[in-house]
Q: 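The structure under discussion is supplied below as structure tokens; questions concerning it will follow.
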2 protein chains.
Amino acid sequence: MPLTEERLNATFTALADPTRRAIVGRLARGDATVNELAAPFAMTLPGISKHLKVLERCGLISRSRHAQFRPCHLERAALDAALEWIEEHRRVWDKRFDKLDAHLRDIQTDQRGGR
Amino acid sequence: MPLTEERLNATFTALADPTRRAIVGRLARGDATVNELAAPFAMTLPGISKHLKVLERCGLISRSRHAQFRPCHLERAALDAALEWIEEHRRVWDKRFDKLDAHLRDIQTDQRGGR
DNA sequence: GGGTTAGTTAGCTGTCAAGTTATATAATGT
DNA sequence: ACATTATATAACTTGACAGCTAACTAACCC
């Protein structure tokens, strides 16, 4: 999965589901097996398995294997990518208001200086 | 639209589409009319109109009216809500490693002190 | 009022995603 | 070899969503 648009699509799609957000929340506190992750939810295991695949496809989690277990691990980098997108656009937004402020100061200065 | 799970679902869903992200990107630089927003895309106006409705439903944009125009305005607060969710889980994650570091320091200390 | 510009609503189609049950794989324990 | 535990895959149903075209509303201008 490249770092492109595609990936942002997949990451935000993954975060759009409350079950998957809860799974991410759980994994932030430490790795866990599929059954552990499934426990809190009123959902069949295949359902959880699908959600995990979605999270894996966008790079939000990775899975290793340990005997019959496939412990899931949160990948912080993918979370950062989504964060980065939002922050960038907030910066653009903020810059706009900085300019506006500057403009208002200019007007003020003109009024004091001129006339 | 309350500030709940529902809203996060809607916000992340909205951000999962590249057209909508581009629209948000455009609006970060300043308000714009529907036609202005549509211009860069190879898509019909009704398509754009739908995307705008999605963005509006989750509170990411608001619309006023000015003659025949319905200028769109980015609502920073909604963007912040999504950001906040991600940041919170990164904090949990980071705390985990702080603990791990502390633990490793403890071991180190024990080894130097003990025996 | 008639035409033009700006935008929305309705109805359709194709695709994709979420959940299910039933079945399969893979490693463990006896 | 056999049963158990942990997880994945397959096949299916249902519901949401992206895109289209066609038709509508609303404000403006002459």
Side-chain angles (χ1 to χ4, degrees), chain A residues 1 5-27 30-74 82, chain B residues 1 4-27 30-74:
Chain A
M1 169 96 25
E5 287 288 280
E6 288 291 324
R7 172 135 186 186
L8 274 177
N9 294 353
T11 304
F12 281 124
T13 298
L15 294 178
D17 183 280
T19 302
R20 285 192 296 256
R21 280 200 306 277
I23 289 175
V24 168
R26 166 64 187 77
L27 289 175
D31 296 3
T33 69
V34 177
N35 271 290
E36 284 166 355
L37 290 174
F41 302 102
M43 192 184 302
T44 59
L45 243 100
I48 298 292
S49 196
K50 266 190 180 179
H51 282 306
L52 292 176
K53 190 171 274 183
V54 172
L55 289 167
E56 195 177 22
R57 270 219 331 258
C58 70
L60 270 169
I61 70 170
S62 62
R63 280 185 276 189
S64 47
R65 50 195 332 162
H66 194 263
Q68 326 86 310
F69 306 89
R70 278 153 195 79
C72 298
H73 175 83
L74 184 61
Chain B
M1 167 94 27
T4 53
E5 286 290 277
E6 288 291 323
R7 172 138 184 184
L8 275 178
N9 295 353
T11 304
F12 282 124
T13 298
L15 293 178
D17 182 280
T19 303
R20 285 192 294 256
R21 280 199 307 278
I23 289 175
V24 168
R26 167 63 186 78
L27 288 177
D31 296 3
T33 68
V34 177
N35 270 288
E36 283 166 355
L37 290 174
F41 303 102
M43 189 185 303
T44 58
L45 239 97
I48 299 293
S49 197
K50 264 192 182 178
H51 282 306
L52 293 177
K53 192 172 276 185
V54 172
L55 290 168
E56 196 177 21
R57 268 216 335 254
C58 70
L60 270 169
I61 71 170
S62 61
R63 281 186 277 188
S64 46
R65 50 195 332 163
H66 195 262
Q68 325 85 310
F69 306 90
R70 279 155 194 77
C72 298
H73 175 82
L74 184 62

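So you know, we letter chains A, B, ... as the sequences are listed, proteins then strands, and number each from 1.
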Q: Look at the side chain of A:Arg65 and decide which nucleotide, out of C:dA27, C:dG19, D:dA6, has an atom nearest to it.
A: C:dA27
Q: Could you give the CG-to-P distance, from B:Leu55 to D:dA18, as a whole number of Å?
A: 10 Å
Q: Which of the following nucleotides, C:dT8, C:dA27, D:dC20, is nearest to the side chain of A:Ala67?
A: C:dA27
Q: Taking only the side-chain heavy atoms of B:Pro46 (C-beta and beyond), determine which of D:dA10, D:dA6, D:dT21 contains the nearest atom.
A: D:dT21
Q: How long is the span from the NE2 atom in B:His51 to the CD1 atom in B:Ile23, to the nearest 0.5 Å?
A: 6.5 Å
Q: Between B:Thr11 (side chain only) and B:Arg7 (backbone N and O only), is there a donor and an acceptor less than 3.5 Å apart?
A: yes
Q: Using the side-chain heavy atoms of A:Ser49, tell me which of these nucleotides is nearest: C:dG7, C:dT21, D:dT9.
A: D:dT9
Q: Closer than 3.5 angstrom, by distance alone: can the side chain of B:Arg57 be matched with the main-chain N or O of B:Ala14 as a donor-acceptor pair?
A: no
Q: Go through C:dT8, C:dA22, D:dA26 for me and flag the one nearest to the B:Leu45 side chain.
A: C:dT8
Q: Take atom CG of B:Asp17 and atom C1' of D:dA16, then tell me their distance rounded to the nearest Å.
A: 14 Å
Q: Of the nucleotides C:dA27, D:dC28, D:dT7, which one has an atom closest to the side chain of A:Gln68?
A: C:dA27
Q: Please confirm whether the shortest side-chain N or O distance from B:Arg63 to OP1 or OP2 of C:dT8 is below 4.0 Å.
A: yes
Q: I need the CZ-C1' distance between B:Arg20 and D:dG19, as an integer number of Å.
A: 12 Å
Q: Going by the side chain to side chain contact (heavy atoms under 4.5 Å, CB included) test, name the single residue among A:Val24, A:Asp17, A:Leu15 that passes it with A:Leu55.
A: A:Val24
Q: Can you measure from CZ (B:Arg21) to CD (A:Glu5) and round to the nearest 0.5 angstrom?
A: 4.5 Å
Q: Mind calculating the distance between CD1 (A:Ile61) and C1' (D:dA8) to the nearest angstrom?
A: 14 Å
Q: Could you please name the option among D:dA6, C:dT8, D:dA8 that lies closest to any side-chain atom of A:Asn35?
A: D:dA6
Q: Whether A:Thr44 contacts C:dG19 is assessed here as follows: a side-chain N or O lying under 4.0 Å from the phosphate OP1 or OP2. Is that the case?
A: no
Q: Determine the contact category for A:Lys53: base if any of its heavy atoms lies under 4.0 Å from a base atom, sugar-phosphate if only primed atoms, P, OP1 or OP2 are that close, otherwise nothing.
A: sugar-phosphate
Q: Could you give the CD1-to-P distance, from B:Ile48 to D:dT21, as a whole number of Å?
A: 14 Å
Q: I want to confirm an ordering. Mapping A:His51 and A:Arg70 to their closest nucleotides on DNA chain C, which one lands closer to the 5' end?
A: A:His51
Q: Looking at every strand, decide which applies to B:Thr33 at a 4.0 Å heavy-atom threshold: base, sugar-phosphate, or nothing.
A: sugar-phosphate
Q: Rounded to the nearest angstrom, tell me the gap between atom CG in A:Leu52 and atom P in C:dA18.
A: 12 Å
Q: Tell me: CZ of B:Phe69 to P of C:dG7, nearest whole Å?
A: 6 Å
Q: Which listed nucleotide (D:dG19, C:dT20, C:dT5) is nearest to the side chain of B:Lys50?
A: D:dG19
Q: In whole Å, what is the span from the CG atom of B:Leu37 to the C1' atom of C:dA6?
A: 13 Å
Q: If I take atom CG from residue B:Leu52 and atom CZ from residue B:Arg63, how far apart are they, to the nearest 0.5 angstrom?
A: 5.0 Å
